[in-house]
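Single-structure report; data block below.
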Protein chains: 2
Amino acid sequence: MSKKQSVTLKELAKELQLSVSTVSRALNDHPDISEPTRKKVKQLAKRRHYTPNLFAKGFRSHRTHILGVIVPNISHYFTTTILKGILAQSESLGYRVIISESRNDQQKQTEMLETMIQFGVDGILMALARKTKSVDSILEILERIPLVMFDKVSDKIPCTQVVINEEEAAYNAIEHLINIGKNRIAIIKETERSFNSKKRFEGYLRALKEHNIPIDKKIILSTEDISLEKGRMMANILLSLKKRPDAIFAITDSAAIGVIKALHKFKVTIPDEIAVVGFSNSNSSTIISPALSTVDQPGSKIGKTAVTYLIDEIENPKEDLLTKTIEIKTNLIVRDSSFIP
Amino acid sequence: MSKKQSVTLKELAKELQLSVSTVSRALNDHPDISEPTRKKVKQLAKRRHYTPNLFAKGFRSHRTHILGVIVPNISHYFTTTILKGILAQSESLGYRVIISESRNDQQKQTEMLETMIQFGVDGILMALARKTKSVDSILEILERIPLVMFDKVSDKIPCTQVVINEEEAAYNAIEHLINIGKNRIAIIKETERSFNSKKRFEGYLRALKEHNIPIDKKIILSTEDISLEKGRMMANILLSLKKRPDAIFAITDSAAIGVIKALHKFKVTIPDEIAVVGFSNSNSSTIISPALSTVDQPGSKIGKTAVTYLIDEIENPKEDLLTKTIEIKTNLIVRDSSFIP
DNA sequence: CTGAAAGCGCTTACAG
DNA sequence: CTGAAAGCGCTTACAG
């Protein structure tokens, strides 16, 4: 079907016997234009359903009002809450968002950064793909276009980074376990030294140290590609120890749920024999029984904050790069898996 | 910071003492260009990291290679699987995707369609906002730009629509329940006559009819804004009946999970006393205990199919509109909530 | 084989 | 107060 063409300034001008310049100015409320002309133009524009071609506009001004977003996996609930914040905030500030999924593939990630620039985005928001070894291509991007990172970040990249208070969140989770009387607390973390896993582990260590609880390497487990299944496996290992832990902190909800499933299987009572705490407040944390205690990460706020900083950088370019880390506060949600009255 | 400007054709031309036209043609492998020139140009382009400004390119050709996507809620797992398919397929065909969330708000949805057109998208993919009363604005859009709908569709809109075999999927679910010996099967559906709810209900009715099971209105429940909580409430109602059902089919997983939670509370054994089947194969369906039988909807395939049809329409414009419905097959996954050996 | 020129739809400095 | 012209970065029909 031959689609209706959009009305252009030229057509409006012709119909009104005016120049394109005048029509453009009238629509943009330029002070030079007389009231009657302005009215006439606006009326016709309305009647003919004129909508400016933002593409032409952006092309001229070198600004597209489009932001690029790259996330490792769009299906993670936490990611979608961040995206919600990004969409809402950018829309309310007059920007659109192009989203890509790196699928945790570093090379894809690099390509995506390139095409986003080709598509003329005004700035980029990104969470790093897992196992991103070299950040060179990102550093190069940084010289060309404003970039703000969130959630999966790297201190090797000098840009604004919006994260949660990972260390403190883990600290609070462990302290809570200590408060309910636990003192042999296992942790399930990632092998990879990702920013998130590292910080959460630091919080774990600090909590134990500050409460004078000895650190036992036997109950500090690491796994690659942490998941429900890995959580289950790690729990099996912990259950086979001579001295079992009395609490397990998994740095993701899915691993924590795997832990609960394993404990069920071996008829371990939760939380009395072993308490469990996860991280994310994912949907599943209230589906599993007992309901999982977990750290709530305000995704929407992270997204909104990241957009706000990015657009600020776009609209008020600074002379120099600086690593600025914004920490968003999390909240420990205590549910049955660690509730002892 | 003053960001590095991208290299333009003009600069390459100047450096090579060639015209912009020649450089453009060389890069696009135009047959007129001599081999040595082509080589020279490509080499320099590479060395200077030239990337074409797709924006200018698109502006000229009236094609942006950007698709607009509108979904009601980006956090639904099923939606994210569709988005995954959309992203993967459009990327592999050289398109980018702008995503917006209508938050089930009809007015927002209309605005979004407008801005997408302003942003010059080549085509639009959309799932209808809940309770979309008037489709007038969408019909108008349809005259201007290719549009393909998916999942939440309406037969009032004459365009390509990609859906699952809703009716048949429900039919299969009910037939499965009958096969395991159930004959008093309740359904929890939506009040609103959405395409999806309507079709699933039709499948329910047909299965009962074909197996000569009488229809009892007392166990056909409808609710607005179906959710886990509503599922729980509906289950309570069903449990209070003099003649309880021996199976419950909920048209969403979340409602089905609510049902399971309610049954637990009243110590009803699943599936012996009451079997439960949901719809979606969401993450939670394997977290809940007993694991939930459910209909798996191949989201990624839906997304890919929708993109394929849309891009075909963009690249091979047809003369006339026609409603074409593509049905993607689903798969019933039987788990413990309805498994009777 | 290569170049000069027009044009995509818009904005804006420059004239008048 | 209004208009003609240049220009954003690219492609392509028209010359040569």
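Within every chain, numbering begins at 1; the chains are lettered A, B, ... in the order of the sequence lines, protein sequences first and strands thereafter.
- The NZ-P distance, from B:Lys14 to D:dG9, rounds to 13 Å in whole Å.
- Following rounding to the nearest Å, B:Gln17 (CD) and C:dG3 (P) show an atom-to-atom distance of 10 Å.
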In a table with atom names and distances, give each donor-acceptor pair under 3.5 Å that connects a side chain of residues 39-52 of chain A to protein atoms at least two apart or in another chain.
residue	atom	partner	partner atom	Å
A:Lys42	NZ	A:Asp29	OD1	2.9
A:Lys42	NZ	A:Asp29	OD2	3.2
A:Arg48	NH1	A:Glu15	OE1	2.4

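- Remark: P of D:dC10 and CD of B:Glu11 are 9 Å apart, rounded to the nearest angstrom.
- Atom C1' of nucleotide D:dG9 and atom CZ of B:Arg48 are separated by 16 Å, given to the nearest angstrom.
- Contacts between residues 19-32 of chain B and DNA chain D, counted as heavy-atom distances below 4.0 Å, involve B:Val20, B:Ser21, B:Ser24, B:Arg25, B:Asn28.
- Here the P atom of nucleotide C:dC10 and the CD atom of B:Gln118 are 11 Å apart, to the nearest Å.
- Remark: A:Glu327 pairs with no residue by the salt bridge (charged side-chain N to carboxylate O under 4.0 Å, His left out) rule, at least two apart or across chains.
- Straight-line distance from the CZ atom of B:Arg38 to the C1' atom of C:dT2: 13 Å, rounded to whole Å.
- A salt bridge links A:Arg144 and A:Glu114; the closest N-O separation between the charged side-chain nitrogens and carboxylate oxygens is under 4.0 Å.
- Listed by first then second residue, pairs satisfying ring-ring contact (aromatic ring centres under 6.0 Å, His included) with a partner in residues 73-108 of chain A read A:His65-A:Tyr95, not counting sequence neighbours.
- A salt bridge does not link B:Glu11 with B:Lys14: every distance from a Lys NZ or Arg NE/NH1/NH2 to an Asp or Glu carboxylate oxygen is 4.0 Å or more.
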Review item, side-chain donor-acceptor pairs of residues 145-154 of chain A, under 3.5 Å, at least two apart:
residue	atom	partner	partner atom	Å
A:Asp151	OD1	A:Asn196	ND2	3.3
A:Ser154	OG	A:Lys156	N	3.0

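- Residues satisfying the side-chain contact (heavy atoms from CB on, under 4.5 Å) test with A:Ser24, not counting sequence neighbours, are A:Leu9, A:Asn28.
- As a whole-Å value, the separation of A:Leu12 CG from C:dC10 C1' is 12 Å.
- For D:dC10, one of the phosphate oxygens OP1 or OP2 lies less than 4.0 angstrom from a side-chain nitrogen or oxygen of B:Tyr50.
- Taking every side-chain heavy atom of B:Lys10 into account, D:dC8 is the closest of D:dC1, D:dC8, C:dT2.
- Every residue meeting the salt bridge (charged side-chain N to carboxylate O under 4.0 Å, His left out) condition with A:Arg130, not counting sequence neighbours, appears here in chain and number order: A:Glu190, A:Asp225.
- Annotation: salt bridge (charged side-chain N to carboxylate O under 4.0 Å, His left out) contacts of B:Glu192 (sequence neighbours excluded): none.
- Put simply, CD1 on A:Ile33 is 13 Å from C1' on C:dT11, counting in whole angstrom units.
- Remark: DNA chain C forms stems of 3 or more consecutive Watson-Crick or G-U wobble pairs, all pair distances under 3.5 Å, at C:1-3 with D:14-16, C:5-12 with D:5-12, C:14-16 with D:1-3.
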